Amino acid sequence: MYDFNKIEKKWRKYWEENNTFKTDLWDFSKPKFYALDMFPYPSGVGLHAGHAEGYTATDIISRMKRMQGYNVLHPMGYDSFGLPAEQYAVTTGNHPNGFTQKNIETFTNQLKCIGFDYDWSKTLQTSDPKFYKWTQWIFKQLYLDGYAKYIDMPVNWCEELGTVLSNDEVIDGKSERGGYPVVRRNMKQWVIDQAAFAEQLLAGLDEVDWPESTKEMQRNWIGKSVGAHVIFKVDGFDKQFTVFTTRPDTLFGATYCVMSPEHSLVNEITGSEQKEAVEAYQKECATKSDLERTELNKEKTGVFIGAYAINPVNNTKIPIYISDYVLATYGTGAIMAVPAHDDRDYEFAKKFNIPIIQVLEEVTGTPHENENKKSSIVAIVYDRENDKYLTINWGKNGGRLFVGGTRHDGESALDCALREIKEETGYVDLELICEDFKINHHYYAYNKDTYFNIEATPLLFELKSDKRENQQLDDDENFSVEWVSKECIEDEIVDELHKKSFEYVINPSAMVGDGIHIHSEFLDGMNKEEAINTMIDWLEDNHVGSKQVNYRMREWIFARQRYWGEPVPVVYLEDGKIHVLDDDELPLVLPELEDYKGHGGMAPLENATEWKKYSHNGVTGVRETSTMPGSAGSSWYYLRYIDPNNDLEFANQELLKHWMPVDLYIGGPEHAVGHLMYSRIWNHYLYDKGLSPVREPFKKLVHQGMILGANGIKMGKRYPEFAIDPLDIVRDYGADTLRLYEMFMGPLEASKPWSQQGVEGAQKFLDRIYRLYTSEKIQDKENKNLEKVYHQTVKKITEDFETLNFNTAISQMMIFINAVYKEDVFPREYAEGFIKLLNPVAPHISEEIWEILGHDNTMAYEAWPVYDDTKIVEDTKDIAVQVNGKVRATITISVDEDEESIKEKALDAENVKRHTDGKEIVKVIVIKGKIVNVVVK
RNA sequence: GCCUGCGUGGCGGAAUUGGUAGACGCGCUGGACUCAAAAUCCAGUGUUAGCGAUAACGUGUCGGUUCGAGUCCGACCGCAGGCACCA
């Protein structure tokens with residue numbers, strides 16, 4: 001066994017002493033490559049297996065790129081503001097920085113142990129005043145440009161944590177950290193207007209090479225929806241309100257309006273009789289936490305407020321309700337409700353007995369010219385006692401159907417259905433259960449040779465008794481009446497209209513699909529899209545509405561009642577005005593406190609009575625005491641690595657132009673919307689201001705998967721017994737083994753279980769390599785037997801590294817080493833080439849072997865091996881011969897062999913003959929260089 | 001409920017994008033070396049039948065397209081992650 005401990009220590013020392021991985025940022029002579037890891041929060045627990053995986057991946061890429069002649073920037077730093085350090089400060093009374101620095105030191109040593117090629121001269125910490133000076137400076141620019149605002153707004157308040165939380169810090173109504181209940185509360189808050197960037201954030205997603213799932217999550221988070229604002233007047237008041245809807249085409253079907261309980265107009269227009277009930281309901285909603293609201297969301301609740309709105313399109317008076325299913329914070333906080341075509345409105349209308357008006361009909365069948373129009377019904381009768389449905393079986397002349405028929409002039413759908421049931425089946429004792437939405441059906445009647453377009457009403461009845469009268473059948477009506485089960489209906493009723501009718505009545509719900517409009521005057525006959533546009537034009541022409549885009553994404557709450565964060569650099573003057581600090585007052589440094597605990601929901605900085613008082617150049621006031629959220633520093637740290645010690649600006653513009661964007665960014669999928677959205681917002685802002693050279697900061701993004709315990713269970717706090725400490729692996733097997741194993745486990749993005757035997761296998765492979773390189777086999781000779789596999793190996797590994805398929809690249813290394821073991825001579829040229837391919841994955845042992853091969857310099861800058869494609873293509877190839885798709889033989893062909901000759905060889909193969917003997921050869925398919933398939937009968 | 005992935009040997013996982021399914025590793029079996037063991041090296045290893053050539057079956061289930069399907073299409077089942085009254 002090679003002495004990995006000694007070798008690894010030796011080379012880490014060498015790299016450090018020789019500044020091997022120090023990047024000269026001003027060297028623009030080579031192409032640049034910026035590889036970035038998501039920097040860690042320096043927790044006391046230290047590095048875990050998942051960190052090691054992602055960091056190894058970027059390390060491999062940066063080492064390969066360096067050898068390919070790139071100037072590589074691969075930095076590491078710390079997201080060092082955060083809760084654990086603050087809790088430590090609260091309990092011990094010590095400043096959190098000491099705790100933080102101790103953790104950072106541990107973390108750095110651990111990272112160094114794994115042999116990453118970080119340039120430690122460019123490290124940073126978000127809690128370092130030299131860094132957060134510029135976080136504050138960027139915040140100041142956001143404020144001066146109107147994107148950072150101090151406004152009164154509903155926030156997520158967590159009583160246990162004593163702070164507000166952003167939406168992505170709240171999960172299922174509980175705090176992400178600790179799982180404490182969160183309630184909504186109005187508070188004056190610093191926010192960043194991220195919705196202002198929504199459109200360009202959406203557009204930017206099309207430019208970047210990111211996982212599709214992450215892009216989709218960001219799109220959903222932004223939540224763009226296009227629709228219209230519609231203005232409703234309040235009947236009897238000189239008041240109006242606006243609703244947002246994505247379905248202005250259904251305005252003729254609006255039968256009521258709903259306001260959120262918090263809507264400002266509610267109290268002004270509530271009728272005196274309803275006042276008490278309305279106030280009770282408002283109170284009930286206000287005290288509910290978000291958690292309760294989502295949990296209790298099964299059943300719709302609400303109250304009629306005694307006022308009416310006027311539908312602008314037809315001047316109909318419709319009632320106004322309040323309900324918590326309408327959110328105060330989305331859209332305008334009020335909606336028009338169209339129960340026929342919206343699930344939530346349907347549910348509410350059913351519960352409160354509000355009329356449901358259908359304005360859109362689903363279309364079935366295929367339209368045709370010269371159709372006859374008529375109205376008809378489909379009557380479905382249910383016998384509850386026997387759980388059967390009434391059908392009529394036309395046999396060969398139309399199959400199984402429900403009772404159907406044409407409506408006479410002036411006859412209602414109900415009367416028509418009762419008449420038809422009686423005529424066709426004789427049943428008369430029926431109870432109407434529901435009359436569902438009409439369906440617009442096109443069909444061809446063979447017996448009449450006519451095309452029809454009918455408006456069919458599905459109805460559901462329940463059979464009350466077997467009472468029957470005589471059927472009244474026409475001469476051509478020849479069928480049997482049959483009671484059948486639901487399953488039978490699903491199998492046997494194939495007519496589109498009848499199938500759809502059954503679906504409708506069995507599960508009554510809103511009709512949310514597309515179709516053609518009815519009862520909508522100037523929209524009649526239009527489909528959804530056409531009607532939406534027409535209605536928007538109408539609203540704009542009549543000044544009662546307009547086209548409107550809405551986003552789910554709201555203000556980003558940008559302040560926390562915490563100590564261990566960047567102080568917000570503003571002062572409140574005596575007259576209430578906001579004064580932002582001058583540049584030369586930055587950084588605004590956190591003061592030392594006696595007591596780091598916030599009392600009674602107040603920010604801990606409230607304890608800093610002296611620090612709070614502001615007096616500078618004759619301006620006096622009180623400082624803001626909340627601090628920025630954890631995501632502030634991480635929103636721009638990737639820019640600072642490019643120029644980490646600059647005191648004059650956050651980074652030199654020339655350097656930024658050269659180094660941005662980040663070429664490869666690797667980190668966990670848990671940051672898909674939080675950090676990765678906030679970073680894009682800050683960078684988009686800086687780009688607009690001309691301070692960042694690119695709009696999208698991260699060109700290519702990859703999420704490493706989770707490393708699970710050996711039993712497939714998540715490691716971590718809940719199952720510490722399965723946790724793998726990567727430092728234990730380094731101690732017992734070596735850093736190279738850890739790196740190699742984690743890269744060989746499986747695809748980078750996948751979650752994969754840990755295997756101790758797999759680790760041993762990785763170590764065995766490195767030892768096998770070491771033994772080979774210390775054997776007599778390496779000679780200054782040629783060995784033609786290895787030529788092809790060597791060039792294949794160079795090609796495969798180069799390509800697989802580029803696409804981050806490390807597991808298959810390593811598999812190719814094993815194939816190569818296995819091949820060399822079978823040979824007596826390992827040509828020095830191949831030996832040196834291979835060790836360069838291994839270097840990015842296992843740098844310590846590679847450097848050692850490089851030295852054994854007689855070199856006295858680091859191999860970090862050695863040229864990456866090149867392959868010769870002509871050495872890979874073979875003259876001959878074994879291809880499979882199939883008979884009827886089953887492989888029966890393999891034949892050897894030369895690369896340029898013609899089709900006829902291949903065909904001949906294939907048919908001549910012994911086992912092929914056996915399977916074609918006595919059979920007719922229908923055809924022979926020859927796919928050049930791949931396969932032959934003989935089709936026989 | 002909706003969105004996005006994913007289902008392949010005993011296990012981790014390959015498969016040139018429609019062309020010999022199971023590369024490579026782990027494990028297991030046998031052999032060599034050894035007094036012996038470990039380590040190492042060599043060989044074998046999808047399942048079933050057969051001494052064997054070989055045959056049948058085989059990529060979650062059912063169906064389809066195709067000369068040919070792990071790969072494409074449709075329906076379903078299961079797992080993971082995300083979102084969830086967003087009008």
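In the text below, chain A, chain B and the rest are named by the order of the sequence lines, each starting its count at 1. These numbers come from a predicted model, not from an experiment.
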Using atom [atom1] in both nucleotides, what's the gap between [N] and [M] to the nearest angstrom?
N: B/C33; M: B/U40; atom1: C1'; answer: 9 Å
N: B/G5; M: B/G60; atom1: C1'; answer: 16 Å
N: B/G7; M: B/C57; atom1: P; answer: 25 Å
N: B/A56; M: B/C11; atom1: C1'; answer: 27 Å
N: B/A14; M: B/A23; atom1: C1'; answer: 5 Å
N: B/G22; M: B/G44; atom1: P; answer: 14 Å
N: B/A21; M: B/G30; atom1: P; answer: 31 Å
N: B/G46; M: B/G58; atom1: C1'; answer: 8 Å

Are [X] and [Y] in a cation-pi setup, meaning NZ or CZ lies under 6.0 angstrom from the ring centre and within 45 degrees of the ring axis?
X: A/K777; Y: A/Y821; value: yes
X: A/R680; Y: A/W221; value: no
X: A/K300; Y: A/Y325; value: yes

Looking for any heavy atom pair under 4.0 Å, which part of the strands does [X] touch: base, sugar-phosphate only, or nothing?
X: A/N807; result: sugar-phosphate
X: A/R888; result: sugar-phosphate
X: A/T329; result: nothing
X: A/K822; result: sugar-phosphate
X: A/P747; result: sugar-phosphate

Roughly how many Å is it from [atom1] in [X] to [atom2] in [N], rounded to a whole number?
X: A/N805; N: B/U16; atom1: CG; atom2: P; value: 11 Å
X: A/R552; N: B/G82; atom1: CZ; atom2: P; value: 14 Å
X: A/K877; N: B/U16; atom1: NZ; atom2: P; value: 13 Å

With a 6.0 Å cut-off on ring centres, are A/Y321 and A/F348 close enough?
yes
Would you say the ring centers of A/F744 and A/F806 fall short of 6.0 Å from each other?
no
Every protein N/O lying under 3.5 Å from an N/O of nucleotides 24-30 of chain B:
{"residue": "B/C24", "atom": "O4'", "partner": "A/S811", "partner atom": "OG", "Å": "3.4"}
{"residue": "B/G25", "atom": "OP1", "partner": "A/N818", "partner atom": "ND2", "Å": "3.1"}
{"residue": "B/C26", "atom": "OP1", "partner": "A/K764", "partner atom": "NZ", "Å": "3.4"}
{"residue": "B/C26", "atom": "O2'", "partner": "A/Q757", "partner atom": "OE1", "Å": "3.3"}

For A/K905, does the NZ atom have more than 12 heavy-atom neighbours from other residues, nucleotides or ligands under 6.0 Å away?
yes
Side chain of [X] only, please: which of [options] is the nearest?
X: A/L327; options: B/G19, B/C41, B/A87; value: B/A87
X: A/Q882; options: B/A87, B/G19, B/C42; value: B/G19
X: A/Y821; options: B/U20, B/A14, B/C41; value: B/C41
X: A/I931; options: B/U20, B/C67, B/A87; value: B/U20

Quick check on contacts: within residues 910-923 of chain A, what sits under 4.0 Å from RNA chain B by heavy-atom distance?
A/N911, A/R914, A/H915
Closest heavy-atom pair, A/N884 versus A/V936, reported as atoms and distance to 0.1 Å, is OD1-N, 3.0 Å
Tell me whether the side-chain N/O atoms of [X] come closer than 4.0 Å to OP1 or OP2 in [N].
X: A/K796; N: B/U16; result: no
X: A/R219; N: B/C83; result: no
X: A/R771; N: B/C41; result: yes
X: A/S225; N: B/A87; result: yes

Does A/R888 use its side chain to pair, donor to acceptor, with the backbone of A/V912 at less than 3.5 Å?
no
A/H341 (side chain) donor-acceptor with A/M511 (main chain) under 3.5 angstrom
yes
For A/S751 and A/I335, find the nucleotide of RNA chain B closest to each by heavy atoms; which residue's nucleotide sits nearer the 5' end?
A/S751
Between A/Y330 and A/A880, who's closer to the 5' end of RNA chain B by nearest nucleotide?
A/A880
Using Watson-Crick or G-U wobble geometry with both distances under 3.5 Å, which nucleotide pairs with [N]?
N: B/U16; value: none
N: B/C2; value: B/G82
N: B/A49; value: B/U54

Syn or anti for B/G9, taking syn as within 90° of 0?
syn
Which glycosidic conformation, syn or anti, is assigned to B/U17 if syn requires a torsion within 90° of zero?
syn
How are the rings of A/Y678 and A/W556 set to each other: parallel, tilted or perpendicular (split at 30° and 60°)?
parallel
Strictly by modelled atom types, are A/S260 and A/Y330 linked by a side-chain donor-acceptor pair under 3.5 Å?
no
